[in-house]
There are 2 protein chains.
Amino acid sequence: MRTRDPRPNLDRDRIVRTALAVIDRDGVAGLTMRKFGAELGVDPMAVYYYLPDKGALFDAVVEAVHDEMGELEVGPDATWQSVVWEASQRMRTVLRRHPHTVPLIGTRPVLSPKMLAASDRLIGQLVDTGLTAATALNILACVRAFTIGYLLIEVGVPAGPPIEKAGEVGDVMAGYPALAAGMAQGYDPDRQFDLGLRALVDGWVASAGSGH
Amino acid sequence: MRTRDPRPNLDRDRIVRTALAVIDRDGVAGLTMRKFGAELGVDPMAVYYYLPDKGALFDAVVEAVHDEMGELEVGPDATWQSVVWEASQRMRTVLRRHPHTVPLIGTRPVLSPKMLAASDRLIGQLVDTGLTAATALNILACVRAFTIGYLLIEVGVPAGPPIEKAGEVGDVMAGYPALAAGMAQGYDPDRQFDLGLRALVDGWVASAGSGH
DNA sequence: ACCTGAACACCGTTCAAGT
DNA sequence: ACCTGAACACCGTTCAAGT
């Protein structure tokens, strides 16, 4: 008895936004094309009119998440260190809003025009602060590796079937004194990350020069 | 007409070694329980006698790869920098032999006794060189993040269905001058990685002290 | 142009049964 | 103890068909 909307009730944007929402809620493995169709209120195969396959859907989600990072505005007195720092922190902030997408981001290097343009722009901004393009690319690759690698460990979302249980972590720690000592003060992932990022950025200056 | 071997022709070790070999050959998605049974020459369900499910098989593969890294022998004049450097390089070497396992390693933080013992040992070795346990854990986490993050980008193995094609990379680069300039000299992943790792290690000294 | 629905060729896993 | 085989409840995707 529902009136049918004569206009298409599906479009690429709605599909991608919904996919991201489903992944945020149910994880990557929780997004099946069949359940996804139900979520959208259409036949599961309707999605294939807009995207060739599930891989393309994942790539589109990766792009959507990257879009959420926006563009960096760089002041005239910015250093390359400040630009790199800001880029990394922003990536971290956005990915912590979408923890289930981290394995996707780390694993699907989308080479769409939009993604390439974003990289090109960022490298250009780094070059403007005095780096060579090659050095900019190098440090960006390293900082990205650190950022997503750290998030991967931090969120610890298994990509496949569930992980074997290992009992109470607290109990297990008893047999590993150095590990236990290291974790005695508790651990603050943000602080740890900041220390690592700072080391990576500052260390580049100390050991490799600033690109000229 | 074949004579049946009266002894079990399956054991956990053979299962795990074969699984790693299959993943090396066909990728993670190429390992299905049904094909895996055929590979082993048994009914697919035979594996379930030794491991509860596919996730446990993946965890066992992760452990097997970690085992391949072996233990670090640390001389009396070793610095924490040399220990961390060696641990990272060894991880990189082993994972480059098993590129398809990288997403698995990055995504399945196995907490088995063996893995915990290995971490405990390494932290202990770092403490012996003068670091506090907390600092050792922190820098280890950061170096691991960098190492697997870098490998993840480097090997670029899609975890899900195949990636959307983006035409010839060379052609596409035309519209992205900074990117093109950065890649003009070609790129040497080993050198890039070494620079990043060195920055991370040296930077830690410069900005956070050496733990006392 | 946009969506449906049946069909195909797969999956992982449970469970009772065989030896 | 160790392995089999049928069965269950799913998958992603193709393709012809509907409107």
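We name chains A, B, ... by the order of the sequence lines, and we start the count at 1 in each one.
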Closest nucleotide among [options] to the [X] side chain:
X	options	value
M45(B)	dT14(D), dC3(D), dT13(C)	dT13(C)
A46(A)	dC3(D), dT4(C), dC2(C)	dT4(C)
K54(A)	dT4(D), dT14(D), dG12(D)	dG12(D)

Inset, instruction - Answer whether the closest heavy-atom distance between the side chains of E39(A) and L31(A) falls below 4.5 Å. - result: no
Inset, instruction - For residues L195(B) and W204(A), determine if any side-chain heavy atom of one lies less than 4.5 Å from a side-chain heavy atom of the other. - result: yes
Inset, instruction - List in numerical order all residues of residues 33-40 of chain A for which some heavy atom is under 4.0 Å away from an atom belonging to DNA chain D. - result: M33(A), R34(A), K35(A)
Inset, instruction - For D188(A), enumerate each residue passing the side chain to side chain donor-acceptor pair (under 3.5 Å) test, keeping only those at least two apart in sequence or located in another chain. - result: none
Using the salt bridge (Lys or Arg N to Asp or Glu O under 4.0 Å) criterion, which residues pair with [X]? Sequence neighbours excluded.
X	answer
D11(A)	none
E68(B)	R97(B)
R14(B)	none
D67(A)	K114(A)

Between [N] ([atom2]) and [X] ([atom1]): distance, integer Å:
X	N	atom1	atom2	answer
L31(B)	dC11(C)	CG	P	11 Å
D53(B)	dA9(D)	CG	P	20 Å
L51(B)	dG12(C)	CG	C1'	14 Å

Legend entry - Of all pairs that satisfy salt bridge (charged side-chain N to carboxylate O under 4.0 Å, His left out), the ones with a partner from residues 133-145 of chain B, not counting sequence neighbours: none
Inset, instruction - Kindly state each residue pair satisfying side chain to side chain donor-acceptor pair (under 3.5 Å) with at least one member in residues 26-38 of chain B, sequence neighbours excluded. - result: none
Inset, instruction - Sort and list the pairs that fulfil side chain to side chain donor-acceptor pair (under 3.5 Å) and have at least one residue in residues 145-156 of chain B, not counting sequence neighbours. - result: S88(B)-T147(B), R92(B)-E154(B), R96(B)-E154(B), Y150(B)-Q192(B)
Inset, instruction - Using the closest heavy atom to pick a nucleotide of DNA chain C for each, name whichever of Y49(A) or D43(A) lands nearer the 5' end. - result: Y49(A)
Legend entry - Base-pairing string, 5' to 3', of DNA chain D - Watson-Crick or wobble, under 3.5 Å, | interstrand: ||.|||||...|||||.||
Legend entry - Selection: residues 19-26 of chain A, any non-hydrogen atom under 4.0 Å of DNA chain C: none
Inset, instruction - Look at the side-chain N and O atoms of Y48(A) and state whether any lies under 4.0 Å from the OP1 or OP2 oxygen of dT4(C). - result: no
Inset, instruction - Among residues two or more places apart or on two chains, list those pairs meeting ring-ring contact (aromatic ring centres under 6.0 Å, His included) that have a residue in residues 18-48 of chain A. - result: none
